[in-house]
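Written below as structure tokens is the structure these notes are about.
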Amino acid sequence: MKNENKKTNMYQPDERLKSEVTPEGLYFSRRELIKKGLVAAGALTLAACGIPPASNIPDPAVATGQASQGLITANNVDELGAALTPYDTVTHFNNFYEFSLDKEAVADRAKGFVTQPWQIQIGGLVKNPMTLSMEQINKNFAAEERVYRLRCVEGWSMVIPWNGFQLSHLLEQVEPQPDAKYVYFETTFDSNQMPGLRDPGFPWPYTEGLRLDEAMNPLTLLATGIYGKPLPPQDGAPIRLVVPWKYGFKSIKSIVKINLVNEQPATLWSSVAPNEYGFFANVNPDVSHPRWSQATERRLGEISRRPTLKFNGYEKEVAYLYEGMDLAVNY
Ligand code: MTE
């Protein structure tokens, strides 16, 4: 990955460690950067990774999730034995820029977000386009529980028990045409309810994309709940994508449109800062972000950093998708 931003005024990794000890420093520096307009809004926000002070993060031991199937091997842990991140953390430390750039303010800003009625249009290069209400989705696609790690490009991670269904099940119903190669996703654009949409620094609505074979991988989920409860607004109600081997920004929230297309679609982050946020965005400890290493991460609730796993620990399930590709080029 390119490294041209190294000399900017952004903090470097050791400063980040310092800011975990004196957290005000981190928030202060982010506000200062915004005030001084030192970087474009988009590049700034994910760069200034809002790792919270350890003292503000609830203890992960208090998880209440019910393990059932999928990749779960034991109650309240993922298949690698890591504890679930508590519900309170999963729902009060969020990236959802349509509501706020402040992770800890999103839950409050999104409170009361009206998601009924809600429809998703699925179309483009398909034999059988459809528009489905959430009621139809909940009726037609049985939800299962999957415990997945979520690794944000900013260097923090969580373990979340999702409720949802495989995207492949929906795609099979719409029947992609032979020339469909990618899947494009779009978040609702509801300026009455989402104050962040007034920020002209982003090409709204939030958009994302996957290659069709990535979308068909059994790990790729459309989630409608967490911890056995409906998704709260801040986590992407009423339905969001979860792609556990990719950085969290690929997991687009509050989806209203899914289109099958022939060419790699533009996405919000790859439009804002293409040299920093690639289309593939596979979790990879060997490929640094231009401004920080991706070799380690901070699991919310833990003090020290842990090594980041290739494909976020799902290498066995997904490495075949990238055979022959140079992952440092296709980042
Ligand atoms: N989807 C939309 N529509 N808007 C966003 O700002 N943020 C992304 C992703 N999906 C985002 C989004 C990022 S950067 C991350 S890390 C995850 O959501 C965070 O999901 P969480 O808040 O549920 O942990």
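In listed order, ligands and their atoms are each counted from 1. By convention here, the first residue in the shown sequence is residue 1. Remember, it's a predicted structure, so these values are computed and weren't measured experimentally.
Annotation for ligand 1: atoms under 4.0 Å from non-hydrogen atoms of Thr187 are 3 (N). Using a 4.0 Å cut-off to heavy atoms of Phe96, the atoms of ligand 1 that qualify are 2 (C), 3 (N), 4 (N), 5 (C), 6 (O). Per-residue contacts place Cys152 under 4.0 angstrom from the following atoms of ligand 1 (heavy atoms of the residue considered): 16 (S). Within ligand 1, counting atoms from 1 as listed, the ones closer than 4.0 Å to a heavy atom of Asn94 are 21 (P), 22 (O), 23 (O). Near Arg240, with a cut-off below 4.0 Å to any heavy atom, the atoms of ligand 1 are 17 (C), 18 (O), 20 (O), 21 (P), 23 (O). Below 4.0 Å from some heavy atom of Glu98 lie the following atoms of ligand 1, by number and element: 2 (C), 3 (N), 4 (N), 5 (C), 6 (O).
Remark: distances from the non-hydrogen atoms of Glu208 to ligand 1 are all 4.0 Å or more. At least one heavy atom of Ser251 sits less than 4.0 Å from an atom of ligand 1.
By the 30° and 60° cut-offs, the orientation of the rings of Tyr277 relative to His289 is tilted.
In this structure, Leu222 and Ile255 approach most closely via the heavy-atom pair CD2-CD1, 3.9 Å. Closest approach of Pro161 and Val159 over heavy atoms only: CD-O, 4.1 Å. Here the closest non-hydrogen pair linking Gln294 and Asn284 is CB-O, 3.7 Å. The minimum heavy-atom distance linking Phe311 with Trp245 is given by the pair O-CB, 3.4 Å. Among all heavy-atom pairs drawn from Leu321 and Met325, the shortest one is O-SD, 4.4 Å.
When the heavy atoms of Tyr97, Tyr206, Phe202, Trp156 are ranked by distance to atom 8 (C) of ligand 1, first place goes to Tyr206. When Thr85, Ile252, Leu150 are checked for heavy-atom proximity to atom 24 (O) of ligand 1, Leu150 turns out nearest.
Seen from the ring of Tyr314, Lys246 does not count as a face-on cation partner, given the 6.0 Å and 45° thresholds. Stacking of Arg240 on the aromatic ring of Phe96 is not recorded, the 6.0 Å distance cut-off and the 45° axial limit not both being met.
In terms of polar-atom proximity, defined here as any N/O pair under 3.5 Å, Trp269 makes no such contact with ligand 1. Not a single N or O atom of Gln234, backbone or side chain, sits closer than 3.5 Å to an N or O atom of ligand 1. At a 3.5 angstrom cut-off on N or O pairs, Trp162 does not count as close to ligand 1.
With ring centers used as reference points, Tyr182 lies under 6.0 Å from Phe279.
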